[in-house]
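What follows is a set of notes on a single structure, which appears directly below.
Excluded from the calculations below are hydrogen atoms, water molecules and symmetry mates; all remaining heavy atoms, backbone and side chain alike, are included. We're numbering straight along the sequence, starting at 1.
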Amino acid sequence: MTAVPAGSTGPRGLDLERLRGHLDAVRPGLVGGPLSGRLIEGGRSNLTYAVTDGSARWVVRRPPLGHVLATAHDMRREHRVIAALHGTAVPVPGPLLLCEDEEVLGAPFYVMEYVDGVPYRTAGQLEGIGPERTRRAVLALVDTLVDLHAVDPAAVGLGDFGRPEGFLDRQLRRWGKQLAASRGRELAGIDELHAALGRTLPVSPAPTVVHGDFRLDNVLIGGPDDTIRAVLDWEMSTLGDPLTDLGLLVMYSSDLGLTDSPVSTTSRAPGHPDPAELVERYAARSGRDTGAIAWYTAFAWFKLAVILEGIHYRFTLGQTVGAGFDRIGELVPVFIEHGLTTLQEG
C-alpha cells in the first residue's frame, strides 16, 4: 500500500493528524517531521501500520474496524506483555506508549519500535532462502518458544496475567462463545469437534506465559544468521498451558492439502522440519511431556477454524481491510476436518 502523507487522514483506521497530535502531547520530541503511514499487509486480525517521520520508524497496532469481539483485541494486554518481556531472552519490539483514548484513532492502540526483519508467511517465500536457512529458521522458532515458556511470569510482572487453573476448559468455552458471536452459517462438524475436545481434556503441565498464536509469520527473521529478531502479535497471550503454543506450531507446520490458499502453512518448503521433529526438539529442550500433542494440535485446528469464521463474518459485513478475505470462508471446513482427523488418529 502506498504511504499517505500528513494532511490527509492516512490509511483506513489510521488518522495521521490525530496520531501526530497525540504523540506530540505524550512523547514530545519523538516525532521530528511530517508523518506518513502504510498498512502492513498480512495480518488477519488486529491492524498493523508502519509510520515514519522520514528518519525514524514506528509501528502502530489497533483493533480491526467494525465488529470486534470483547476479549479478542485487547491493546492494553498486548502492550503489557511486550513491555514485560522486553529485556528477557524473548525478542520483542520495544514498547513506546499505549493509548486507550478512543477519540484519537477510534479505538485503543499502542506504538512500538520498528524492527527490521522478514515474516516468512508461505512455503514459496521459504523456497527463496533455500533448505538450509529454512531449517535453521524453523528450529530457531522452536527454541524461541522454549525460551518464552522458560520465563518466570512473576519475575517479569506477569504473575497475575491470567488464571491458569482450569485453563483448557475455559479456552474451549471461550472459543465456543467466540464461534457463537460470529456464526452466520451452518458449519458441519464444528460442534462435534468442540464436544470431542471437551471429553478428552489432558492434564496441563505447570503454567507459563503463552503466546496464543505462535507461528513463523508472527516472528521477524533477519541478520546474517537468520536470527529471530522479534516475536509479534501478542493479542492472545496469557498465563496457561504451554503445550497449546506447541500444538499451534505443529498445526502451522502441517500440510493443509490446498494450493494457493490465503491462509497457508509452510510445511512444503524444502528443508522444513516435519512436525514430529519440532515436537521432539521442544520436548528435549523444555523437559516437558508432549505425549498428548494430538489433542493440542486438534484444539489448534478448532481455534483457527473459529478465528477464520470470525474474519469471514466481518468480511460479509464489509468490515475488513486488505486482500484475500473473500476466500477465508472456504477454508473453515478444511480446518474443522483436520481437527476431527487429528483427534481421531491421535
Side-chain angles (χ1 to χ4, degrees), residues 1-87 91-117 119 156-158 161 211-213 218 220 229-238 314 318-322:
M1 177 176 290
T2 303
V4 180
S8 65
T9 57
R12 190 178 177 201
L14 181 69
D15 187 315
L16 290 168
E17 292 184 349
R18 286 183 175 272
L19 176 64
R20 173 67 189 270
H22 182 74
L23 293 177
D24 286 346
V26 301
R27 291 293 298 268
L30 178 69
V31 180
L35 290 179
S36 61
R38 62 180 176 87
L39 176 70
I40 298 177
E41 299 282 2
R44 299 292 184 212
S45 187
N46 286 337
L47 301 177
T48 306
Y49 304 89
V51 176
T52 180
D53 62 0
S55 57
R57 290 185 291 177
W58 307 276
V59 169
V60 175
R61 288 269 287 175
R62 59 152 292 161
L65 308 178
H67 176 73
V68 176
L69 298 171
T71 61
H73 308 284
D74 189 339
M75 294 294 100
R76 180 195 297 122
R77 189 173 190 81
E78 190 169 343
H79 178 267
R80 180 184 174 188
V81 71
I82 290 174
L85 292 174
H86 192 243
V92 292
L96 294 177
L97 63 93
L98 170 71
C99 176
E100 297 182 85
D101 181 0
E102 297 189 11
E103 293 297 317
V104 181
L105 295 183
F109 67 94
Y110 71 93
V111 182
M112 58 184 169
E113 295 175 348
Y114 184 96
V115 177
D116 278 316
V156 295
L158 294 176
F161 194 55
H211 181 276
D213 194 18
N218 273 342
L220 296 176
R229 304 197 63 192
V231 181
L232 309 174
D233 291 2
W234 293 87
E235 64 193 87
M236 296 179 186
S237 59
T238 188
R314 289 199 297 275
Q319 295 172 342
T320 53
V321 177

Over all atoms of both residues, closest heavy-atom pair of Pro95 and His79:
CB-NE2, 3.7 Å
Just verifying a value: how many Å separate Leu98 CG and Arg77 CZ, rounded to the nearest 0.5 Å?
13.5 Å
Indicate the atoms forming the closest heavy-atom contact of Phe109 with Val104, along with that distance.
CE2-CG1, 3.7 Å
Would Tyr114 and Thr52 satisfy side chain to side chain contact (heavy atoms under 4.5 Å, CB included), going step by step from the backbone distance to the final call?
CA-CA 10 Å; Tyr114 184 96; Thr52 180; over 6 Å; no
Nearest 0.5 Å please: distance from the CG atom of Leu23 over to the CZ atom of Arg18.
13.5 Å
Are Val111 and Leu30 close enough that some pair of their side-chain heavy atoms sits under 4.5 Å apart?
no
If we ignore hydrogens and angles and just use 3.5 Å, is the side chain of Arg27 paired with the main-chain N or O of Leu96 as donor and acceptor?
yes
If you measure from NE2 on His211 to CD on Glu235, what distance do you get to the nearest 0.5 Å?
8.5 Å
Between the side chains of Arg61 and Thr48, does any donor sit under 3.5 Å from an acceptor?
yes
Decide side chain to side chain contact (heavy atoms under 4.5 Å, CB included) for Leu65 and Leu47; before the verdict, give the C-alpha distance in whole Å, the side-chain angles of both, and the deciding distance to 0.1 Å.
CA-CA 8 Å; Leu65 308 178; Leu47 301 177; 4.1 Å; yes
Show, in sequence, the C-alpha distance, side-chain angles and deciding distance for Arg80 and Asp74, and conclude whether the salt bridge (Lys or Arg N to Asp or Glu O under 4.0 Å) test is met.
CA-CA 10 Å; Arg80 180 184 174 188; Asp74 189 339; over 6 Å; no
Say whether, by atom type as modelled, one donor and one acceptor occur between the side chain of Arg62 and the main chain of Leu14 under 3.5 angstrom.
no
Between Asn218 (side chain only) and Asp213 (backbone N and O only), is there a donor and an acceptor less than 3.5 Å apart?
yes
Intermediate values then yes/no, side chain to side chain contact (heavy atoms under 4.5 Å, CB included), Val156 and Phe161
CA-CA 11 Å; Val156 295; Phe161 194 55; over 6 Å; no
Just so I know, are the side chains of Ile82 and Glu113 near enough to count as touching, which here means a heavy-atom distance under 4.5 Å?
no
List the residues meeting side-chain contact (heavy atoms from CB on, under 4.5 Å) with Pro93, not counting sequence neighbours, and say none if there are none.
Met112, Val115, Ala230, Leu232
Would you name the heavy atoms of Gly117 and Pro119 that are closest together and state the gap between them?
O-CD, 3.9 Å
Considering all heavy atoms, the nearest Pro108-Pro63 contact:
O-CD, 3.1 Å
Please, which pairs that meet side-chain hydrogen bond (donor to acceptor under 3.5 Å, both in side chains) have at least one residue in residues 97-110, sequence neighbours excluded?
Arg76-Glu100, Glu78-Tyr110
Does the side chain to side chain contact (heavy atoms under 4.5 Å, CB included) test come out yes or no for Asp233 and Asn46, once each step is laid out?
CA-CA 8 Å; Asp233 291 2; Asn46 286 337; over 6 Å; no
CG of Leu35 to CD of Glu17, rounded to nearest 0.5 Å, is 10.0 Å
Approximate separation, where rounding is to 0.5 Å, of Leu16 CG and Asp53 CG
12.0 Å
Not counting sequence neighbours, which residues clear side-chain contact (heavy atoms from CB on, under 4.5 Å) with Pro91? List them please.
Thr144, Ile228, Val231
